[in-house]
There are 4 protein chains.
Amino acid sequence: MVDDQPVKTSRRDRQIQRKRREIIEAATRLFSEKGYGGTTTRDIADAVDIGESTLYNYFENKRDILLAIITETGFLFDDVIGQVKRLDNRQALVELYEKAFNVFISRIAFTRTLLAQAWMDNEILESFVTYRLGHIAGLIQALIQKEIDEGVFRPIDPAQGARMAIGMFLGAMVPVLRGTEPPPTPAEYRRISEGIVTVLWDGIGNH
Amino acid sequence: MVDDQPVKTSRRDRQIQRKRREIIEAATRLFSEKGYGGTTTRDIADAVDIGESTLYNYFENKRDILLAIITETGFLFDDVIGQVKRLDNRQALVELYEKAFNVFISRIAFTRTLLAQAWMDNEILESFVTYRLGHIAGLIQALIQKEIDEGVFRPIDPAQGARMAIGMFLGAMVPVLRGTEPPPTPAEYRRISEGIVTVLWDGIGNH
Amino acid sequence: MVDDQPVKTSRRDRQIQRKRREIIEAATRLFSEKGYGGTTTRDIADAVDIGESTLYNYFENKRDILLAIITETGFLFDDVIGQVKRLDNRQALVELYEKAFNVFISRIAFTRTLLAQAWMDNEILESFVTYRLGHIAGLIQALIQKEIDEGVFRPIDPAQGARMAIGMFLGAMVPVLRGTEPPPTPAEYRRISEGIVTVLWDGIGNH
Amino acid sequence: MVDDQPVKTSRRDRQIQRKRREIIEAATRLFSEKGYGGTTTRDIADAVDIGESTLYNYFENKRDILLAIITETGFLFDDVIGQVKRLDNRQALVELYEKAFNVFISRIAFTRTLLAQAWMDNEILESFVTYRLGHIAGLIQALIQKEIDEGVFRPIDPAQGARMAIGMFLGAMVPVLRGTEPPPTPAEYRRISEGIVTVLWDGIGNH
DNA sequence: AATGAATGAGTTTTCATTCAT
DNA sequence: AATGAATGAAAACTCATTCAT
């Protein structure tokens with residue numbers, strides 16, 4: 001009896017969390033297909049097969065669903081960043097690319113929604129994208145600067161170099177996110193990662 | 001009187017075209033600021049200082065305004081593409097980048113709107129972006145292939161190379177389109193163009 | 001065991017009655033602050049710190065809470081009326097005023113809610129106000145008639161006189177109920193009661 | 001042709017004003033019957049036989065209708081107040097009562113709505129009632145003070161006297177506004193006005 | 001060609017109430 | 001008896017579009 005109490009509570013809690021997840025996942029999919037504005041609360045409710053008003057037992061309002069998607073899925077991105085302790089050589093960059101491909105591709109619908117929203121919505125851009133992207137860009141710049149200092153790289157503007165590095169990532173991801181190309185397999189994006197880093201270091205030229 | 005007729009008509013036509021342009025320009029700005037869905041027909045009418053219903057004398061409906069923006073401004077992009085007769089050497093690619101920067105940056109609001117829309121809307125993606133981007137990608141791939149054939153490039157996948165080339169362009173453009181960085185000056189994007197091409201050919205490495 | 005039964009039951013009953021009272025008091029306060037329509041069942045439940053649905057174990061529905069407030073608090077007013085055995089002289093009227101002030105002011109929130117509701121809701125007006133107010137008005141009219149008969153009063157319309165008597169009460173109470181004036185102290189409303197009766201008998205004039 | 005312009009405009013303007021009036025009148029009636037909260041925008045639209053959304057061409061939102069009722073009908077009350085240049089004797093007070101009865105009774109639905117709303121809504125109380133009622137109360141207090149100074153009145157608290165004067169007005173009006181008594185005829189409220197003032201001056205007592 | 005007025009079809013959100021546990 | 005979860009019904013409000021003038 002005494003032990004039942006915590007079990008009961010956590011079962012109920014798990015029930016709630018499960019439903020929240022369900023809603024978030026349905027909404028993520030819908031937002032990525034039709035956009036946030038193009039998705040109605042009714043669409044979401046229908047997708048989870050609950051009444052429209054039931055949504056409001058789990059979320060304050062529609063925007064709250066969007067923010068929940070971003071915060072509750074976004075932490076996956078922090079893991080990637082967190083794992084990058086030191087980005088101090090070529091191989092580390094390859095691995096960063098790989099991890100980034102992995103997390104982007106495992107959450108295509110999420111990423112597509114996030115980018116669409118960050119494109120128009122300053123709050124979302126700032127509260128989610130700016131910090132993380134800035135952090136990554138900083139790491140890459142530091143790496144470039146180090147290689148310059150060691151005489152491995154030509155003295156280029158590290159900021160511009162970082163934009164190139166990120167741009168090449170975008171060049172590979174955007175068609176996938178947009179759905180014009182199928183998601184690469186892990187083997188493929190390992191190869192792409194290496195390809196990008198090789199070009200960054202040595203270009204395509206045949207030296 | 002008889003001679004007047006055509007003059008009159010063409011004057012009226014010019015009048016109409018001028019108003020259409022005005023609407024298109026106002027709508028482009030509004031769409032780029034608030035998104036297509038976030039912009040009301042009332043917003044557009046107010047911006048041009050006409051009645052809301054007057055819009056419908058110039059355009060079938062709201063979406064038609066969006067399509068008109070894309071087709072009537074989009075042709076500028078065709079010029080860039082059209083001018084690229086032969087993309088057969090490094091310098092030609094630098095020049096392509098420069099022209100592309102030029103046209104993107106001179107129409108930031110348009111480009112921002114176009115990308116936002118193409119991100120969600122298949123019709124717009126296909127009818128406008130796919131073809132042009134595919135064409136450019138094809139040119140770049142052909143160039144890469146040629147360099148490979150001539151032994152200048154290592155034997156990489158030309159498609160992947162093209163994605164890198166386009167990605168580096170995105171890496172420079174996206175922050176500008178998104179408004180997180182100021183538009184570069186012509187001198188700056190000349191330098192950026194050269195920087196990108198240099199990296200493509202030789203990497204950042206200090207050979 | 002056998003004796004326990006009734007004790008148990010009455011303890012439970014008392015428990016129930018206590019909770020009912022709690023709900024009624026919280027609801028009275030909320031209704032007087034935000035109006036009946038402006039108060040949600042959730043507001044009430046929160047104020048008593050119970051679940052929203054638990055309310056329905058004590059009351060049929062929201063309106064039932066309102067009716068319970070009115071009947072279960074309203075009986076206090078009956079006491080005032082009941083105590084007025086004979087309203088047959090000036091002093092008795094002073095005392096009636098005093099008692100009325102006392103009961104109104106000791107239940108400002110209730111009175112405010114009651115008046116607000118009776119203003120729009122015929123059922124409440126009739127089932128609660130009409131009878132009691134009519135009774136009081138009748139007593140006052142009878143007093144006036146008696147004074148006329150005895151030659152103390154001029155022959156005025158007793159009904160109109162009663163409306164004046166009640167009106168002067170309203171003139172003193174309304175600003176307090178509305179919250180634009182602080183509630184008078186017992187000493188003050190004794191003075192006000194005498195003042196009103198004096199004006200009724202002799203006017204403000206300096207005879 | 002030149003003269004047509006202003007005519008056209010004013011005809012259209014008159015059309016708009018007419019519709020606004022229609023809406024305001026229907027809303028006033030509905031609000032006085034079912035309360036502001038109990039009246040839906042649909043009720044109002046139906047009463048004027050227009051689409052619900054058409055309301056929003058004439059008013060910003062529902063509350064705006066209420067405020068329009070109050071400001072656009074309320075000015076009638078200002079006329080009454082404005083006409084009271086000097087409230088310096090008994091007869092002037094009688095006339096003030098008469099005018100007040102007149103305006104209250106000619107707009108029963110409005111007055112009932114106003115009082116209901118001012119009872120709960122501080123903004124409306126302050127922006128409309130407080131000032132005007134305060135002004136009237138001030139005039140009455142000044143009159144009482146004057147009569148005290150001239151030895152005509154006993155030295156009572158003028159504020160309390162004013163509350164009695166206003167209270168007696170309420171005593172006569174409230175049952176009419178509430179609909180429990182039929183509106184008095186002009187002859188009747190003249191008699192009531194005189195009755196109230198007589199009681200104020202001399203009481204009901206038979207001196 | 002220009003437009004004021006009208007509106008249908010939604011959209012998000014609220015809330016009293018029910019019901020299974 | 002207590003309540004979390006679910007919801008139908010309605011509410012205010014929006015907006016692209018039509019139409020008569």
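Chain naming here is simple, since letters A, B, ... match the order of the sequence lines and numbering starts at 1 in each. Any value given below was found using the heavy atoms of this structure, including those in side chains, with hydrogens, waters and symmetry copies removed. Note that the structure is a prediction, hence the values are computed from the model and not measured.
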Are side-chain N/O atoms of B/N57 and B/R20 paired as donor and acceptor at under 3.5 Å?
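Distance-only check fails for B/N57 and B/R20.
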Walk along nucleotides 7-14 of chain E from 5' to 3' and tag each nucleotide B, S or - by protein heavy-atom contact under 4.0 Å, base first, then sugar-phosphate.
BB--SBBB
Please give the stem ranges for DNA chain F, sorted by first residue number, where a stem is three or more consecutive Watson-Crick or G-U pairs and both donor-acceptor distances are under 3.5 Å.
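E:2-21 with F:2-21 - these are the stems of 3 or more pairs that involve DNA chain F.
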Residues that [X] engages under side chain to side chain donor-acceptor pair (under 3.5 Å), provided they are two or more places apart:
X	value
B/K19	none
B/S127	none
D/E60	none
B/R21	B/E25

Identify the 5'-most and 3'-most nucleotides of DNA chain F with at least one atom closer than 4.0 Å to a non-hydrogen atom of chain C.
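So the outermost contacting nucleotides come out as F/dA1 to F/dG4.
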Filter on ring-ring contact (aromatic ring centres under 6.0 Å, His included), then keep only pairs touching residues 41-68 of chain C, sequence neighbours left out; what's left?
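The answer is none; no pair qualifies.
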Can you run down the ring-ring contact (aromatic ring centres under 6.0 Å, His included) pairs that involve residues 21-46 of chain C, sequence neighbours left out, and say none if there aren't any?
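Listed once each, the pairs are C/F31-C/Y36.
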Got a sec, which pairs hit salt bridge (Lys or Arg N to Asp or Glu O under 4.0 Å) with one end in residues 46-58 of chain C, sequence neighbours left out?
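Non-adjacent pairs meeting salt bridge (Lys or Arg N to Asp or Glu O under 4.0 Å): C/R42-C/D46.
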DNA chain F: 5'-proximal contact among D/D43 and A/Y58 (nearest heavy atom):
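So the residue in question is A/Y58.
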For residues 107-121 of chain D, which residue pairs pass the side-chain hydrogen bond (donor to acceptor under 3.5 Å, both in side chains) check, not counting sequence neighbours?
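Output for this query lists D/R63-D/D121.
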Side chain to side chain contact (heavy atoms under 4.5 Å, CB included) against D/D43, all qualifying residues, sequence neighbours excluded:
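Per chain and number, D/D43 pairs via side chain to side chain contact (heavy atoms under 4.5 Å, CB included) with D/L30, D/K34, D/T39, D/T40.
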Just to be sure I understand the rule, does D/F59 reach a base, reach only the sugar-phosphate, or reach nothing, if contact means heavy atoms closer than 4.0 Å?
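Nothing, no nucleic acid heavy atom in range.
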